[in-house]
Enquirer: 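Supplied in structure tokens, the structure appears directly below.
Computed from a predicted model, the values in this text were never measured in an experiment. Just so we're on the same page: letters track the sequence lines, and every chain starts at 1.
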There are 2 protein chains.
Amino acid sequence: MSSTLPSTSRSLPIALIRAREGVMAPIREMLSETGITEQQWRVLRVLSEHGLLDTTTLAERSSLLFPSLTRIAASMRDKGLITQTRDEIDRRRQLIEITAAGQKIIDDRTSQSTQIVDDIKTKLGTDNYETLLDLLGLLDLNSND
Amino acid sequence: MSSTLPSTSRSLPIALIRAREGVMAPIREMLSETGITEQQWRVLRVLSEHGLLDTTTLAERSSLLFPSLTRIAASMRDKGLITQTRDEIDRRRQLIEITAAGQKIIDDRTSQSTQIVDDIKTKLGTDNYETLLDLLGLLDLNSND
DNA sequence: GTCATTTCCTTAACATGTTAAGTATAGTGA
DNA sequence: TCACTATACTTAACATGTTAAGGAAATGAC
């Protein structure tokens, strides 16, 4: 039974935070001109990819907690980036859809965003990049055994 | 020039968030009994490992932004987990040290915490675990070329 | 020595993360 | 149809993340 914790310099949680900082820095820089946050960008990305979604599915796919999404959606609605409608069959459900203004934010940054991802792939090497995604997937609670 | 963003299901930022959730879930569960947060745990870990530190070094080693650390340190001081003293040579600097009460929180959870890390290593395999740490290190802005 | 600059830290303002409690609608079984 | 439970979402409260502005002490150029 070990009695010493691993050095914080080799700690997985801290390594994950720092890696995230490194990855998000250029994305955040890109978004700073748009007036939207990293989380709002993620919501737009998911909506653009999947179309009309209920709040539960949107929260899951954009990796946001429900209370966060409630606030973020209200803010995005006020900015005209999304629309919220009630499901007439199940009136508890709320349906969310991207607007043309929201889609334009995506379209205007697609090439720049692709470049950022390519830079990271180059930095790591494509094989390493895919390996990293696979290993991260193993840690995801909701997607494995 | 590509005109399509990668699928969000294969997005590195989202994969990093989800992996972090998976890793932190058992740690957060462990901490829920102690009344301290994940960030406060990190501060205690770093202080326990390195001893007396100035705020700048502590922020860097625990991967916290300065304004966050200001608040967290005030809260931890009020709980009696750390002490804050001013550096008499450079009076701008603040020196932070863990208290016996703070150290006890670490000591009481060392074995449980070690077990959590071991479980993750087992889940991934030790080789994969080391590979993952190495790849994450490549993404860290502050520690490479 | 004095003033501009730099460094170290704090405060402020707003967005999000996290947990718990609350509300409204739907489904279910007697 | 009447509880009872479950589901979908909201609200609240507090902690942290993030950026910008501010304050105090040290440093450097002159």
Side-chain angles (χ1 to χ4, degrees), chain A residues 13-14 16-18 20-43 53-60 62-79 81 84-96 141, chain B residues 13-14 16-18 20-43 53-60 62-79 81 84-96 141:
Chain A
I14 291 183
L16 287 166
I17 292 176
R18 291 189 175 153
R20 200 174 133 60
E21 281 172 27
V23 170
M24 290 312 301
I27 297 179
R28 228 178 260 138
E29 189 181 358
M30 172 184 82
L31 292 178
S32 66
E33 324 159 346
T34 71
I36 70 172
T37 66
E38 168 198 335
Q39 287 81 357
Q40 293 174 357
W41 170 254
R42 228 152 64 210
V43 168
L53 288 178
D54 65 280
T55 305
T56 299
T57 308
L58 178 55
E60 184 185 331
S62 51
S63 281
L64 290 170
L65 293 178
F66 235 99
S68 294
L69 185 52
T70 294
R71 286 175 305 212
I72 291 170
S75 153
M76 294 178 76
R77 170 174 37 72
D78 293 347
K79 289 185 195 167
L81 303 179
Q84 295 175 303
T85 53
R86 197 146 288 280
D87 184 332
E88 287 306 322
I89 294 161
D90 184 342
R91 298 185 53 75
R92 292 170 306 182
R93 278 179 196 280
Q94 185 180 148
L95 300 174
I96 299 186
L141 281 182
Chain B
I14 290 183
L16 287 166
I17 293 175
R18 291 188 174 153
R20 199 173 134 61
E21 281 172 28
V23 170
M24 290 313 301
I27 296 178
R28 229 179 259 137
E29 189 182 358
M30 172 184 82
L31 292 179
S32 67
E33 325 159 344
T34 70
I36 71 172
T37 67
E38 170 199 333
Q39 288 81 358
Q40 293 173 359
W41 170 254
R42 229 153 63 211
V43 168
L53 288 178
D54 64 280
T55 305
T56 299
T57 307
L58 178 56
E60 185 185 331
S62 53
S63 282
L64 291 170
L65 293 178
F66 236 98
S68 294
L69 185 52
T70 294
R71 286 176 305 211
I72 291 170
S75 154
M76 295 177 75
R77 169 173 38 74
D78 294 346
K79 288 185 196 166
L81 304 178
Q84 295 175 303
T85 53
R86 196 146 290 280
D87 184 332
E88 286 307 322
I89 293 161
D90 182 342
R91 298 185 52 76
R92 294 169 306 182
R93 278 178 196 278
Q94 185 180 147
L95 300 175
I96 299 186
L141 281 181

Enquirer: Show your reasoning for whether side chain to side chain contact (heavy atoms under 4.5 Å, CB included) applies to Ile72(A) and Leu64(A).
Expert: CA-CA 10 Å; Ile72(A) 291 170; Leu64(A) 290 170; 3.9 Å; yes
Enquirer: Base, sugar-phosphate, or nothing: which does Thr56(A) touch, judged by heavy atoms less than 4.0 Å apart?
Expert: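 If one applies the 4.0 Å heavy-atom cut-off, Thr56(A) turns out to touch the sugar-phosphate alone, with no base involved.
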Enquirer: Determine, stepwise, if the pair Asp54(A) / Thr57(A) fulfils side chain to side chain donor-acceptor pair (under 3.5 Å).
Expert: CA-CA 6 Å; Asp54(A) 65 280; Thr57(A) 308; 2.7 Å; yes
Enquirer: Heavy atoms under 4.0 Å, any strand shown: does Leu69(B) hit a base, just sugar-phosphate, or nothing?
Expert: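 The residue Leu69(B) makes no contact with any strand.
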Enquirer: Listed by chain and number, what are the side chain to side chain donor-acceptor pair (under 3.5 Å) partners of Arg86(A), not counting sequence neighbours?
Expert: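 Listed in chain order: nothing, the list is empty.
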Enquirer: Does any N or O in the side chain of Thr70(A) come within less than 3.5 Å of the main-chain N or O of Phe66(A), such that one atom is a donor and the other an acceptor?
Expert: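 Between the backbone of Phe66(A) and the side chain of Thr70(A) there is a qualifying donor-acceptor contact (under 3.5 Å).
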Enquirer: Give, ordered by number, those residues of residues 29-40 of chain A having at least one heavy-atom distance below 4.0 Å to an atom of DNA chain D; if nothing qualifies, reply none.
Expert: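 None - not one residue of the stretch has a heavy atom sitting under 4.0 Å from the strand.
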Enquirer: Suppose we screen for side chain to side chain donor-acceptor pair (under 3.5 Å). Which residues come up paired with Glu88(B), at least two apart in sequence or across chains?
Expert: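 Counting only residues at least two positions away or on another chain, Glu88(B) forms a side chain to side chain donor-acceptor pair (under 3.5 Å) with Arg91(B).
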Enquirer: Want to settle it: does Arg42(B) or Asp54(A) sit nearer the 5' end of DNA chain D, counting the closest nucleotide to each?
Expert: Asp54(A)
Enquirer: Are Val43(A) and Met76(A) close enough, and set up right, to give a side chain to side chain contact (heavy atoms under 4.5 Å, CB included), and what steps lead you there?
Expert: CA-CA 9 Å; Val43(A) 168; Met76(A) 294 178 76; 3.9 Å; yes
Enquirer: Indicate, with a heavy-atom threshold strictly under 4.0 Å, whether Thr55(A) touches base, sugar-phosphate, or nothing.
Expert: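 Sugar-phosphate, backbone atoms only, no base.
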Enquirer: Test Gln94(B) against every option in Thr55(B), Thr85(B), Leu58(B) by the side chain to side chain contact (heavy atoms under 4.5 Å, CB included) rule and name the one that passes.
Expert: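 Single pass found, and it is Thr55(B).
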Enquirer: Using side chain to side chain contact (heavy atoms under 4.5 Å, CB included), reason through Arg42(B) and Ile17(A) one step at a time and then give a plain yes or no.
Expert: CA-CA 12 Å; Arg42(B) 229 153 63 211; Ile17(A) 292 176; 3.1 Å; yes
Enquirer: For DNA chain C, note the earliest and the latest nucleotide, 5' to 3', having some atom under 4.0 Å of a heavy atom belonging to chain A.
Expert: dA15(C) to dA26(C)
Enquirer: Looking at residues at least two apart in the chain, or sitting in another chain, which of them share a salt bridge (Lys or Arg N to Asp or Glu O under 4.0 Å) with Arg18(B)?
Expert: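 Salt bridge (Lys or Arg N to Asp or Glu O under 4.0 Å) check on Arg18(B) returns nothing, list empty.
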Enquirer: Nearest whole Å is fine: how far is dA8(D) P from Glu60(A) CD?
Expert: 11 Å
Enquirer: Quick one: which protein N/O atoms are closer than 3.5 Å to N/O atoms of nucleotides 22-27 of chain D? Pair and distance per line, please.
Expert:
{"residue": "dA26(D)", "atom": "OP1", "partner": "Arg91(B)", "partner atom": "N", "Å": "3.1"}

Enquirer: Classify Arg71(B) by what it touches in the nucleic acid, base, sugar-phosphate, or nothing, heavy-atom distance under 4.0 Å.
Expert: base
Enquirer: Report yes if some heavy atom in the side chain of Ser62(A) is under 4.5 Å from a heavy atom in the side chain of Gln39(A); otherwise report no.
Expert: no
Enquirer: Nearest-nucleotide wise, let me know which of Gln94(B) and Phe66(A) is further upstream toward the 5' end of DNA chain C.
Expert: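 Checking each residue's closest nucleotide, the 5'-ward one belongs to Gln94(B).
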Enquirer: Between Lys79(A) and Ile36(A), is there a donor-acceptor pair closer than 3.5 Å when you use the side chain of the first and the backbone of the second?
Expert: no
